[in-house]
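These notes concern the structure reproduced below.
In this text the structure is predicted, and so the values were computed from the model without any measurement. Because only heavy atoms are used, hydrogens play no part in the values below, and waters and symmetry mates are left out as well, while side chains stay in.
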Amino acid sequence: MRTYLSPIGFNSTSVTRPLLRHGLDMDDRVVVVRPTEGTDEARSKEAIADVRRLLGEIEPDISLSVERVPHDDFEEAVLYCRDIIRAAEGELVVNLSGGARDVFLPFSTAVLSEFGRVSRTLCFSDIDGRVRELNLPNLSVELSDSVAKTLIAIEQLGGETSIPELTETSDQAKSTVTRHVAELESYGAVVSEKEGKVKHVSMTLTGQLLAGRR
């Protein structure tokens, strides 16, 4: 099963489009997040009713629930959203679209902090109406000095290199470089691809952000 988690405001499209793009099964759950209070409760309820109506047409057994997030205190809102994420069952698909800014910002912060729990992140564009999948950076990684040295060496080589080139320029043993690259790949900081007997390595957004800390 999957849990779809999304903020919701007055526009149900920002929720329904990502749902339709990703697909739904009867044991999936949809959780929409909104503030504890709003200036226009009628429009908010109408948007939720639209989502409920669509789900009923696609798969009547899909569960839809509403979480009301306290929004007066940013830190409290972040922790509340974090708990919602941690309570999600099955594969977690997060939609970073729509909703009140008072909830969207703490919700997005909580999603980044719970990087390892999120399977996929979707986003509906207000500009062209397309749904895109986002590759979120893993901001919670703490690298050892030796692994960070290898990451910085990759950055200095333009963000793309090979294990032999990296071994030569970083003045480390090939076994050490290979181990560091495997660790960086497990964090999502690099991706690798083998061409023949040579492994090529490229930095991701996570890697660029981590290297920028050093």
Side-chain angles (χ1 to χ4, degrees), residues 1-139 188:
M1 69 167 291
R2 289 167 293 198
T3 296
Y4 290 88
L5 187 54
S6 173
I8 190 167
F10 301 147
N11 179 13
S12 61
T13 304
S14 63
V15 178
T16 57
R17 285 279 179 84
L19 287 175
L20 291 173
R21 179 188 183 278
H22 194 264
L24 291 163
D25 296 322
M26 65 179 183
D27 60 346
D28 290 342
R29 298 181 63 232
V30 177
V31 181
V32 292
V33 179
R34 55 175 301 211
T36 50
E37 316 178 341
T39 56
D40 195 335
E41 286 289 310
R43 289 179 66 192
S44 296
K45 290 179 180 178
E46 183 179 347
I48 293 170
D50 285 343
V51 176
R52 198 182 301 277
R53 209 162 26 242
L54 175 70
L55 294 177
E57 293 172 0
I58 297 173
E59 184 54 70
D61 293 330
I62 292 177
S63 164
L64 173 66
S65 58
V66 181
E67 290 283 353
R68 305 292 293 261
V69 176
H71 58 280
D72 290 337
D73 184 299
F74 177 74
E75 293 182 8
E76 182 185 7
V78 170
L79 294 175
Y80 198 96
C81 291
R82 179 204 62 185
D83 291 343
I84 295 172
I85 292 169
R86 289 183 175 181
E89 299 177 352
E91 177 188 356
L92 178 58
V93 181
V94 170
N95 175 34
L96 292 182
S97 311
R101 286 187 293 272
D102 307 72
V103 167
F104 181 80
L105 182 56
F107 178 77
S108 300
T109 303
V111 168
L112 288 170
S113 74
E114 295 295 313
F115 174 88
R117 296 176 183 267
V118 179
S119 299
R120 300 184 74 178
T121 306
L122 306 176
C123 182
F124 171 74
S125 171
D126 291 326
I127 298 172
D128 58 19
R130 294 176 59 190
V131 177
R132 294 178 173 85
E133 184 164 357
L134 307 180
N135 292 317
L136 296 182
N138 185 355
L139 302 179

Inset, instruction - Would you mind reporting whether V30 and S6 have side-chain heavy atoms less than 4.5 Å apart? - result: no

Inset, instruction - Find out whether R34 and I48 are in side-chain contact, i.e. whether some heavy atom of one side chain is under 4.5 Å from a heavy atom of the other. - result: yes

Inset, instruction - Mind listing the closest non-hydrogen atom pair of S14 and S97 along with its distance? - result: O-CB, 3.8 Å

Legend entry - For P18 against L122, the heavy-atom pair lying closest together: O-CD1, 3.7 Å

Inset, instruction - State, yes or no, whether a side-chain contact exists between F107 and V69 at a heavy-atom distance under 4.5 Å. - result: no

Inset, instruction - State, with a plain yes or no, whether a side-chain heavy atom of T16 is found less than 4.5 Å away from one of F124. - result: no

Legend entry - Note: E46-R53 ion pair, threshold 4.0 Å (strictly below): no

Legend entry - D128 and S125 side chains, donor-acceptor separation under 3.5 Å: yes

Legend entry - pair E91-R120: side-chain heavy atoms closer than 4.5 Å: yes

Inset, instruction - State, with a plain yes or no, whether a side-chain heavy atom of L54 is found less than 4.5 Å away from one of L20. - result: yes

Legend entry - Salt-bridge present (R68, E41; N to O < 4.0 Å): yes

Legend entry - Nearest-0.5 Å distance, CD1 of residue I84 to OG of residue S65: 9.0 Å

Legend entry - Distance (rounded to the nearest 0.5 Å) between E76 CD and H71 NE2: 10.5 Å

Legend entry - Distance in Å, L96 CG paired with L5 CG, rounded so as to fall on 0.5 Å steps: 9.0 Å

Inset, instruction - Measure the shortest side-chain to side-chain distance between R52 and L55 over non-hydrogen atoms and say whether it is less than 4.5 angstrom. - result: no

